[in-house]
Trainee: 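First the structure, then my questions, so here it is.
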Amino acid sequence: QSGYVTLDSGYKNTGATKSAITFLDGEEGILRYRGYPIEQLAEHSNFMEVAYLLIYGKLPTQQEITDFNSQISRHTLVHEDMRKIFDGFPSSAHPMGILSSLVSALTAFYPESLDPNQSEEEMNLNIKRLIAKISTIAAWSYKNSVGHPVNYPKNKLDYVSNFLHMMFAFPTEDYDINPVVVNALNKLLILHADHEQNCSTSTVRMVGSANASLYSSVSAGICALWGPLHGGANQEVIEMLEEIKADGGNTDKWLAKAKDKNDPFRLMGFGHRVYKNFDPRAKIIKKAADDVLSALGIDDPILEIAKKLEEAALTDPYFVERKLYPNVDFYSGIIYRAIGIPTDMFTVMFAMGRLPGWIAQWKELRENKEPIGRPRQIYVGETERNYTPISERA
Ligand code: SDX
């Protein structure tokens with residue numbers, strides 16, 4: 001009714017929509033994409049197949065995934081004029097700022113994507129363009145930040161291998177694609193692919209509900225994901241672990257800081273709005289971190305610090321009472337680091353992984369003809385008062 005609203009800050013108890021894409025149960029630690037448990041998808045599938053599943057609602061046949069992959073490969077090049085936008089950024093620019101700007105800039109190169117009445121075929125083309133180009137834009141933003149020449153995509157490579165090539169090859173030498181790395185990155189991207197109505201996905205839906213284009217909606221989602229409490233946490237975790245290592249690995253001291261209400265420090269990578277049990281993704285990523293580091297022969301001391309923190313927190317009453325467990329961001333950075341991805345690219349990796357979920361949710365919103373998002377508020381400001389001339393103001 002008008003005038004009657006229930007305040008629900010942070011929408012902790014509000015269902016914003018109906019969705020058939022992702023199911024998660026925070027108490028049981030269950031996560032499924034279109035009904036498939038993520039444990040099975042992480043084990044048997046690959047990122048492009050999971051992207052297809054999320055967006056189109058079913059696992060593709062061989063012909064469907066072959067067509068999907070070849071159409072995406074065809075769109076990995078970005079318009080050469082985009083180089084001018086890249087070159088306009090200082091090398092100190094954070095890659096997430098570049099990514100959100102360039103994804104929004106796609107509307108300038110593909111103005112037909114702005115048409116809210118675009119055909120199904122046109123929408124699917126815009127979707128494939130975005131999946132293809134985000135990996136090129138991501139790799140180029142990294143090369144831009146380190147002052148290295150960019151690499152053009154090699155379309156005979158699969159999606160993840162192509163990204164690794166663009167990230168790490170040099171005109172002077174090729175990058176040897178290591179299957180262990182490709183497998184680990186596929187797993188990580190699958191595990192980030194969707195997570196129902198999290199902050200960035202809700203942002204994509206809110207912007208899309210105004211009939212804004214896919215590219216504008218995803219650009220807004222990238223900005224929300226950038227927040228340190230959300231996707232930005234994976235970068236914060238590594239910086240936190242590095243700080244603890246530099247401080248002599250004194251995990252007890254840092255756990256005490258995390259519990260101290262007068263100390264703004266939080267144990268990054270811990271806690272979750274929905275999971276009040278172990279984040280099922282964190283379990284898989286923790287094992288993958290062990291596997292990748294041993295396969296690559298890397299002994300990273302911050303992995304031991306992470307495990308020490310986890311063990312201590314799982315028995316500490318402060319964390320146990322508040323049901324704070326490691327979340328998806330706690331171990332992911334250790335794998336990215338082992339692959340050679342720099343810390344300020346970690347949240348870009350999260351965005352690349354989450355893109356199919358954002359697309360699927362934006363598509364579902366439109367197919368369900370959902371109304372424009374427009375919540376109400378509880379007004380706590382001044383009651384009516386009259387304007388006073390400046391000469392009479394204190
Ligand atoms: C992601 O929503 C999603 O699904 C997100 C995500 C996805 O896939 O899209 O899963 C990805 O964003 C994972 C979360 C990454 N963020 C972090 O790791 C940052 C650290 N975590 C927190 O800031 C926090 O746990 C949140 C933001 C994740 C959840 O915040 P909530 O649900 O609003 O919980 P809260 O801040 O109200 O905390 C409840 C209590 C508070 O203590 P009290 O006031 O009750 O005494 O727990 C405490 C908090 O102080 N607390 C922490 C803590 N997280 C919560 N104390 C220390 N360290 C922490 N990490």
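Residue numbers run from 1 in the order of the sequence given. Quick caveat: nothing in here was measured; it's all calculated off a predicted structure. Both counts, for ligands and for their atoms, begin at 1 and track the order of listing.
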Trainee: Closer than 4.0 Å and a protein heavy atom, does any atom meet both conditions relative to atom 34 (O) of ligand 1?
Mentor: no
Trainee: Mind checking whether F319 and F270 have parallel, tilted or perpendicular rings, split at 30° and 60°?
Mentor: perpendicular
Trainee: When you check the side-chain N and O atoms of D8 and T6, is any donor under 3.5 Å from an acceptor?
Mentor: no
Trainee: Between K245 and E242, does any NZ, NE, NH1 or NH2 come within less than 4.0 Å of an OD or OE carboxylate oxygen?
Mentor: yes
Trainee: Considering distance alone, does some N or O of C199 sit under 3.5 Å from an N or O of ligand 1?
Mentor: no
Trainee: Output the list of atoms in ligand 1 that are nearer than 4.0 Å to some heavy atom of R281, sorted by atom number.
Mentor: 7 (C), 8 (O), 10 (O)
Trainee: Enumerate the atoms of ligand 1 whose separation from the nearest heavy atom of Y318 is less than 4.0 angstrom.
Mentor: 48 (C), 50 (O), 52 (C), 56 (N), 57 (C)
Trainee: Using the six-membered ring wherever Trp is involved, compare the ring planes of F278 and Y325 and label them parallel, tilted or perpendicular (cut-offs 30° and 60°).
Mentor: tilted
Trainee: Could you walk me through whether T251 and I305 satisfy the side-chain contact (heavy atoms from CB on, under 4.5 Å) test, starting with their C-alpha distance in whole Å, then the side-chain angles of each, then the deciding distance to 0.1 Å, before giving a yes or no?
Mentor: CA-CA 7 Å; T251 48; I305 292 177; 4.1 Å; yes
Trainee: Can you find an N/O atom of L267 closer than 3.5 Å to an N/O atom of ligand 1?
Mentor: yes
Trainee: I'd like to know if D290 pairs up with K307 as an ion pair, taking the criterion as any Lys NZ or Arg NE/NH1/NH2 lying under 4.0 Å from an Asp or Glu carboxylate oxygen.
Mentor: yes
Trainee: Only one of R354, Q197, E196 clears side-chain hydrogen bond (donor to acceptor under 3.5 Å, both in side chains) with Q361; which?
Mentor: Q197
Trainee: Against heavy atoms of D329, which atoms of ligand 1 measure under 4.0 Å?
Mentor: 1 (C), 13 (C), 14 (C), 15 (C)
Trainee: Measuring from atom 27 (C) of ligand 1, which candidate in L229, T22, D279 has the nearest non-hydrogen atom?
Mentor: L229
Trainee: Does an N or O from G269, backbone or side chain, lie closer than 3.5 Å to an N or O of ligand 1?
Mentor: yes
Trainee: Within the 4.0 Å heavy-atom shell around R354, which atoms of ligand 1 are there?
Mentor: 7 (C), 8 (O), 9 (O)
Trainee: Please report which non-hydrogen protein atom sits nearest to atom 14 (C) of ligand 1, along with the residue it belongs to and the distance in Å to one decimal place.
Mentor: N327 ND2, 3.5 Å
Trainee: Please state which protein non-hydrogen atom is closest to atom 21 (N) of ligand 1 and give its distance, to 0.1 Å?
Mentor: F270 O, 2.9 Å
Trainee: Can H195 and Y275 be said to form a ring-ring contact (aromatic ring centres under 6.0 Å, His included), step by step?
Mentor: CA-CA 11 Å; H195 213 239; Y275 288 125; 5.2 Å; yes
Trainee: Angle between ring planes, Y336 versus H192, binned at 30° and 60°: parallel, tilted or perpendicular?
Mentor: tilted
Trainee: What residue and atom, counting heavy atoms only, is the protein's closest point to atom 19 (C) of ligand 1, and at what distance?
Mentor: M268 CE, 3.6 Å
Trainee: Can N234 and T347 be counted as having a side-chain donor-acceptor contact under 3.5 angstrom?
Mentor: yes
Trainee: Counting non-hydrogen protein atoms only, what is the nearest one to atom 57 (C) of ligand 1? Give residue, atom name and distance.
Mentor: A258 O, 3.6 Å
Trainee: Quiz question for you: does at least one protein heavy atom lie closer than 4.0 Å to atom 30 (O) of ligand 1?
Mentor: no
Trainee: Would you call K84 and D81 a salt bridge, taking side-chain N to carboxylate O under 4.0 Å as the test?
Mentor: yes
Trainee: To the closest 0.5 Å, what do you measure between CZ (R385) and OG1 (T388)?
Mentor: 8.5 Å
Trainee: Go through ligand 1 atom by atom and flag the ones less than 4.0 Å from a non-hydrogen atom of G271.
Mentor: 25 (O), 28 (C)
Trainee: Which residue owns the protein heavy atom closest to atom 49 (C) of ligand 1, what's the atom, and how far is it?
Mentor: R266 NH2, 3.1 Å
Trainee: Which bit of H192 is near ligand 1, meaning a heavy atom under 4.0 Å away: side chain, backbone, both or neither?
Mentor: neither
Trainee: Of all the atoms in ligand 1, which lie at a distance below 4.0 Å from a heavy atom belonging to A233?
Mentor: 15 (C), 16 (N), 17 (C), 18 (O)
Trainee: Please check: side-chain N/O of S19 versus main-chain N/O of I21, any donor-acceptor pairing under 3.5 Å?
Mentor: yes
Trainee: Considering only the protein, which heavy-atom contact is closest to atom 12 (O) of ligand 1, and what is its distance?
Mentor: H230 ND1, 2.9 Å
Trainee: Quick one: which ligand 1 atoms are inside 4.0 Å of a heavy atom on K261?
Mentor: 42 (O), 43 (P), 44 (O), 46 (O), 50 (O)
Trainee: Counting non-hydrogen protein atoms only, what is the nearest one to atom 52 (C) of ligand 1? Give residue, atom name and distance.
Mentor: L324 CD1, 3.6 Å
Trainee: Do you see a donor-acceptor pair shorter than 3.5 Å between the side chains of N126 and S113?
Mentor: no
Trainee: If you measure every N/O of K276 against every N/O of ligand 1, is any gap under 3.5 Å?
Mentor: no
Trainee: Show which atoms of ligand 1 fall inside a sub-4.0 Å distance from at least one heavy-atom site of R273.
Mentor: 29 (C), 31 (P), 32 (O), 33 (O)
Trainee: Note the single closest protein heavy atom to atom 10 (O) of ligand 1, along with its residue, its atom name and the distance in Å.
Mentor: H272 NE2, 2.6 Å
